[in-house]
Amino acid sequence: MKQLSQYKNYKKIAVMGGTFNAIHMGHRVAAEAVRQELDIERVIFIPTGNAPHKENDPMYNEHRYLMTVLATVTNPDFEVSRMEIDRTGKSYTIDTIKELRRKCSKECEIYFITGADAIEQILTWKDPDELLSMCRFVAVTRPGYNRTKLEKAIDTLKQKYKGNIEFLEVPALSISSTDIRNRVIADKTIKYLVPETVENYILKFGLYTTEYSQAPYINDINKRLHNVLTPKRFRHTQGVAEEAVRLAQRYNGDIDKAYLAGLLHDCAKCYTDEEKLRMCEEYNVPLDKILKKQPDLAHSFLGAALAKAEYGIKDEDIINAICYHTTGRADMSLLEKIIYIADYIEPNRESFPGLEKIRELAYTDIDKAVEYALHNTIDYNKEKNRIIHPLSITALEYYREENNEK
Ligand SMILES: [Fe+2]
Ligand SMILES: [Fe+2]
């Protein structure tokens with residue numbers, strides 16, 4: 001019988017990192033394929049702990065950990081580590097690799113198995129050069145994955161950081177954890193997509209259908225926003241979400257999207273300027289000169305990146321509505337206009353010159369409301385000696401012309 005965690009004796013181990021929410025057949029197939037292909041002695045599944053910027057939820061961590069145990073228990077070459085789950089504070093990959101390095105012999109080669117998409121992100125991780133020098137990466141891809149974009153990133157990693165990265169195609173990776181959760185929510189079967197034990201676990205604890213179902217998903221977002229926003233800002237976002245729903249009803253827009261975009265539009269607002277700049281770098285948000293000088297203005301662009309990476313928003317329209325809610329832009333979608341205006345007129349807004357006029361226009365002609373609001377903002381910022389973002393200027397020109405032609 002194999003012993004658990006004889007790290008000192010291993011010559012070659014692989015780390016399989018992931019949230020494993022839920023762990024599925026794709027994960028197991030990928031880990032087994034890498035094990036065999038690279039002659040790995042032990043694959044260590046390490047469910048992520050408190051990912052940077054994610055709140056801690058012990059119950060959620062335990063579910064993911066236990067599902068990972070259930071999914072791997074029958075394979076003698078697999079084991080699960082609580083290393084990240086039990087770590088207090090934020091959890092970074094570099095800390096995990098360092099911890100493994102300490103446990104293993106000097107000669108031991110450590111591989112880190114990750115999705116191909118994550119490879120592009122490595123440079124945004126903590127201490128990428130040190131990380132690349134301490135372990136080798138195995139990028140698992142599904143067949144047909146477009147490698148062109150990826151190859152550029154890989155070249156940089158290889159040349160600049162002497163990173164060691166290899167690819168492995170794994171057919172079963174078309175299964176995704178998001179699909180598993182969505183199928184459970186939609187009451188569709190997940191049989192054969194996840195191990196039977198995991199399926200039973202999900203059903204037993206009502207994962208994704210009770211505490212993780214659609215409405216609680218909103219609750220989850222609200223809970224997180226409550227933690228990262230000031231009470232006043234939190235009230236404001238509730239007001240924007242509700243106003244956005246009213247506007248969506250008025251203009252036959254998508255009510256759910258309006259609500260979500262309204263809720264999340266200021267999710268990056270309450271960080272300090274310094275934090276905003278650092279996070280923009282971390283999340284690859286490009287900053288022009290104006291944004292660098294006025295980091296607060298970057299909260300909308302950063303908010304869009306956070307909505308995508310941290311709040312799981314995939315819909316581009318929602319992302320854009322968050323992205324352009326402060327500057328506006330020419331030719332906005334209905335949702336973008338709704339959020340732009342809702343931000344202006346939500347009921348908790350303290351009165352300012354022009355507010356009542358925009359409130360009135362908002363429900364009669366949203367394009368005119370947008371023009372008026374842009375005009376108002378530009379004037380206000382000029383008075384305050386702030387630089388006006390070019391996006392706002394072109395937006396105003398656009399809507400002026402648009403409304404004149406009506
Ligand atoms: Fe904002
Ligand atoms: Fe706002």
Side-chain angles (χ1 to χ4, degrees), residues 236-237 239-255 257-258 261-262 264-266 268-269 285-304 315-406:
H236 162 70
T237 56
V240 174
E242 284 157 25
E243 191 75 55
V245 167
R246 282 191 287 274
L247 284 166
Q249 278 168 333
R250 161 69 182 80
Y251 293 102
N252 288 327
D254 188 319
I255 288 168
K257 285 188 192 182
L264 284 167
H265 82 287
D266 267 348
K269 178 81 178 173
V285 178
L287 293 177
D288 57 29
K289 271 188 203 158
I290 303 174
L291 296 179
K292 272 182 195 156
K293 270 195 187 155
Q294 300 175 53
D296 187 51
L297 200 55
H299 81 266
S300 48
F301 301 90
L302 175 61
D315 186 282
E316 276 305 313
D317 204 14
I318 297 181
I319 300 291
N320 286 334
I322 299 171
C323 194
Y324 299 105
H325 84 265
T326 4
T327 56
R329 65 167 172 171
D331 202 9
M332 289 190 270
S333 71
L334 174 64
L335 184 64
E336 288 174 47
K337 289 187 273 194
I338 285 176
I339 298 303
Y340 186 80
I341 291 301
D343 190 23
Y344 242 90
I345 64 169
E346 63 95 7
N348 304 310
R349 273 270 186 228
E350 276 163 31
S351 179
F352 58 83
L355 176 60
E356 285 321 311
K357 171 89 175 161
I358 301 170
R359 280 194 173 138
E360 188 197 311
L361 283 174
Y363 286 87
T364 50
D365 186 337
I366 196 161
D367 283 351
K368 284 195 177 140
V370 169
E371 181 192 334
Y372 194 88
L374 280 161
H375 195 274
N376 219 29
T377 311
I378 291 177
D379 278 357
Y380 176 77
N381 283 326
K382 273 183 186 161
E383 257 174 52
K384 295 256 166 193
N385 279 327
R386 291 189 190 134
I387 317 164
I388 312 298
H389 199 280
L391 279 172
S392 304
I393 297 167
T394 47
L396 179 57
E397 280 164 5
Y398 178 90
Y399 283 102
R400 215 175 244 159
E401 215 177 308
E402 193 79 347
N403 291 330
N404 276 343
E405 277 170 15
K406 270 183 187 170

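In what follows, residues are counted from 1 in the order of the sequence shown.
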Just do the side chain to side chain contact (heavy atoms under 4.5 Å, CB included) check on Glu336 and Asp317 with the steps written out, would you? CA-CA 7 Å; Glu336 288 174 47; Asp317 204 14; 4.2 Å; yes
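- With Leu335 as the fixed residue, the side-chain contact (heavy atoms from CB on, under 4.5 Å) test singles out one of Asn320, Asp254, Ile318, Ile322: Ile318.
- Side chain to side chain, His299 and His325 meet the donor-acceptor criterion of an N or O pair below 3.5 Å.
- Using a cutoff of 4.0 Å between basic side-chain nitrogens and carboxylate oxygens, Arg246 and Glu243 are scored as salt-bridged.
- From Glu402, atom CD reaches atom CG of Asn404 across 10.0 Å, with rounding to the nearest 0.5 Å.
- Ring pair Tyr251/Tyr363: centre-to-centre distance not below 6.0 Å.
- Note that CD1 of Ile338 and CZ of Arg250 are 10.0 Å apart. Values are rounded to the nearest 0.5 Å.
- For the atom pair SG of Cys323 and CD of Glu316, the computed distance is 9.5 Å after rounding to the nearest 0.5 Å.
- Checked by atom type, the side-chain pair Thr326/Tyr340 shows no donor-acceptor distance below 3.5 Å.
- Side-chain atoms of Met332 and Tyr399, non-hydrogen and from C-beta on, do get closer than 4.5 Å to each other.
- No hydrogens or angles considered: nothing links the side chains of Gln294 and Asp296 as a donor-acceptor pair under 3.5 Å.
- Under the 4.0 Å criterion applied to side-chain N and carboxylate O atoms, Glu356 and Arg359 are assigned as salt-bridge partners.
- For the residue pair Gly354 and Tyr372, the shortest heavy atom distance occurs at O-CE2, 3.8 Å.
- Checking Thr237 against Asp266 by side-chain atom types alone, no donor-acceptor pair falls below 3.5 Å.
- Within the 3.5 Å criterion, the main-chain N or O of Thr327 finds a donor-acceptor partner in the side chain of Ser392.
- Considering all non-hydrogen atoms of both residues, Ala258 and Ala248 come closest at CB-CB, 3.8 Å.
- Minimum interatomic distance between Ile290 and Leu297 (heavy atoms only, all atoms of both residues): CG2-CD2, 4.2 Å.
- Considering all non-hydrogen atoms of both residues, Leu396 and Glu371 come closest at CD1-O, 3.6 Å.
- Looking only at distances, a side-chain donor or acceptor of Arg349 sits under 3.5 Å from a matching main-chain atom of Asp343.
- Leu287 and Leu291 get closest at one heavy-atom pair: CD2-CB, 3.8 Å.
- Considering every non-hydrogen atom in both Asn376 and Ile358, the closest pair reads ND2-CD1, 4.1 Å.
- A 4.5 Å side-chain heavy-atom check between Glu346 and Glu242 finds every atom pair outside the cut-off.
- Cation-pi check for Arg329 over Tyr324 is met; the charged atom lies under 6.0 angstrom from the ring centroid and within 45 degrees of its normal.
- Distance NZ/Lys368 to CG/Leu361: 8.0 Å, rounded to 0.5 Å.
- A distance of 6.5 Å separates CD1 of Ile393 from CD1 of Ile388, quoted to the nearest 0.5 Å.
- Looking at heavy atoms from C-beta onward, Phe352 lies in side-chain contact with Tyr344 at the 4.5 angstrom threshold.
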side-chain hydrogen bond (donor to acceptor under 3.5 Å, both in side chains) between His389 and Asp288: does it pass, once the steps are laid out? CA-CA 10 Å; His389 199 280; Asp288 57 29; 3.0 Å; yes
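- The shortest side-chain heavy-atom distance between Arg386 and Tyr380 falls under the 4.5 Å cut-off.
- In this structure, Thr394 OG1 and Leu391 CG are separated by 5.5 Å, a value rounded to the nearest 0.5 Å.
- Proximity of a side-chain donor or acceptor of Asn403 to a complementary backbone N or O of Asp367 within less than 3.5 Å is detected.
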Walk me through whether Glu401 and Glu397 qualify under side chain to side chain contact (heavy atoms under 4.5 Å, CB included). CA-CA 6 Å; Glu401 215 177 308; Glu397 280 164 5; 5.8 Å; no
